[in-house]
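Report on the structure given below.
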There are 2 protein chains.
Amino acid sequence: MTTTSTNSGGPKARTGGEGGARRRGKGSPGLASERREHLVRLAAELFAEKGFQATTVRNIADEAGILSGSLYHHFDSKESIVDEILSGFFEEIMSAYRAVIDEGKEPRETIAGLVRIAFGTLEPHRAAITVMQNDWNYLKDMERFAYLTRAEDEVEKMWVSTIKAGQEQDVFRPDIDPKLTYRMIRDTVWVAVRWFKPGGRLNPQGLAEHYLKVMFDGINTH
Amino acid sequence: MTTTSTNSGGPKARTGGEGGARRRGKGSPGLASERREHLVRLAAELFAEKGFQATTVRNIADEAGILSGSLYHHFDSKESIVDEILSGFFEEIMSAYRAVIDEGKEPRETIAGLVRIAFGTLEPHRAAITVMQNDWNYLKDMERFAYLTRAEDEVEKMWVSTIKAGQEQDVFRPDIDPKLTYRMIRDTVWVAVRWFKPGGRLNPQGLAEHYLKVMFDGINTH
DNA sequence: GTCTATAGAATGATAGAC
DNA sequence: GTCTATCATTCTATAGAC
């Protein structure tokens, strides 16, 4: 098996223009052709719908109107496709999270910013989030997808430290468990991908505001 | 839209409807043998850990110390095993939910009761809940698992009508969306199965009380 | 109730023609 | 960039011996 780590540690330097002087290996993201990106999107929809393992390379090829063997002109393996889907999503959300943290606003504002970012990914990254949710257990133990766990750890630190800061500044209740509260917020946001329908009654930002309302003040009348 | 109708011909005899005694597969009609239940538990652990599709009948047989063919003395198919896992869980929780609704208490008490029941299943039904979460999309479209969607619909009605009643009685805020709020509560509870560890810092009832606190009153100081 | 043995189908992936 | 053709494996499930 190729050991070409598509996500070798460190931030990815988006070098160069479209000149294409440097062509990456088949299984690597970056400098992606339009055709390639189209195939990745098709695969993402199928992975989201049926699960990674239940989706066959023939399913993907059928959807693209080509034969399964032809897929291997673009990708090294089925795994490299899902890798491209997930790493793209994680790069984007991690970058957005870090930006909010770096603003250094007050805890309530920071938490709201994180929540809005998460809900904001629901539409553009619906398939990736679904795959992350459903196939996490299967993927997380593979060396290739170690970045999933690393990212999860970093995100947890962001949230938990913000919640704790809020408690110290007396804007969040002292009798909530920071780690537990983080997990519940995180899960509630992501799991919305299961029933969220683009173009429905509420858009992602409407969902975010509704959720922030409940999370900050509860459902009781006061 | 793949036709996953792997069932070789033959009448889809759906013996035993709702409310009746459940059908048992081959081998032990009526009485659920201890051996059989042991195998179901082993399979449930594997399904939860690796996903239904990624778990092979050989994996299950290995875990039981027998060969894969021998499993078919107890079960008709791999599907019938996961069916047994999920239907058992759903029968129990639906019955418990209905009991709370039938008590006819005030909305806040009823919601709390439903939340406590859900968290209470986390420990005894950890594997079943994990399978339900991760493999829902794959299973929900099969005729055999139509009861999943039926149960989901019934549960949604219970929660939504209770939340609405709470709004009419002015104990819940009028500016929350009942259906949306139900989904967020439901998802938050079930998804806890991903990180809940029996014997950890908090037991399921501790989780339930923590969540009720946040859900009713929010994380803000007041 | 388990094993031996295997059928029959599907799967991920490859090599080379065009 | 796609197709033809196919390999090696793995999968669910079956039949019959013990």
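Just so it is clear, the values below take in all heavy atoms, side chains as well, and ignore hydrogens, waters and symmetry mates. Below, chains carry the letters A, B, ... as their sequence lines are ordered, and counting in each starts from 1.
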Salt-bridge present ([X], [Y]; N to O < 4.0 Å):
X	Y	answer
A/Arg144	A/Asp83	yes
A/Glu154	A/Arg98	yes
B/Arg201	A/Asp177	yes

To the nearest Å, give me how far apart [atom1] ([X]) and [atom2] ([N]) are.
X	N	atom1	atom2	value
A/Phe75	D/dT2	CZ	P	11 Å
A/Asp62	C/dG12	CG	P	12 Å
A/Lys50	C/dA10	NZ	P	12 Å
A/Asp76	C/dA15	CG	P	12 Å
B/Glu79	D/dC11	CD	P	17 Å
A/Asn59	C/dA10	CG	C1'	11 Å
B/Gln53	C/dG12	CD	C1'	16 Å
A/Leu71	D/dT2	CG	P	9 Å

Presence of [X] side-chain N/O under 4.0 Å of [N] phosphate oxygens OP1/OP2:
X	N	answer
B/His73	C/dG1	yes
A/Tyr72	C/dT14	no
B/Arg35	C/dT2	yes

Taking the side chain from A/Thr188 and the backbone from A/Met184, do they hold a donor-acceptor pair closer than 3.5 Å? yes
Just by modelled atom types, is the A/Leu46 backbone N or O under 3.5 Å from a matching donor or acceptor in the A/Thr55 side chain? yes
Validation row: B/Glu45, B/Glu63 side chains within 4.5 angstrom (heavy atoms): no
Winner on side-chain proximity to A/Thr56, out of D/dT12, C/dT11, D/dT2, is C/dT11
A/Lys140, NZ: over 12 other non-hydrogen atoms inside 6.0 angstrom: yes
All N/O contacts under 3.5 Å from nucleotides 3-6 of chain D to the protein, with atom names and distances to one decimal?
unit_1	atom_1	unit_2	atom_2	d
D/dC3	OP2	A/Leu67	N	2.7
D/dC3	OP2	A/Ser70	OG	3.4

May I ask you to say what A/Thr55 touches in the nucleic acid, namely base, sugar-phosphate or nothing, with a heavy-atom cut-off under 4.0 Å? sugar-phosphate
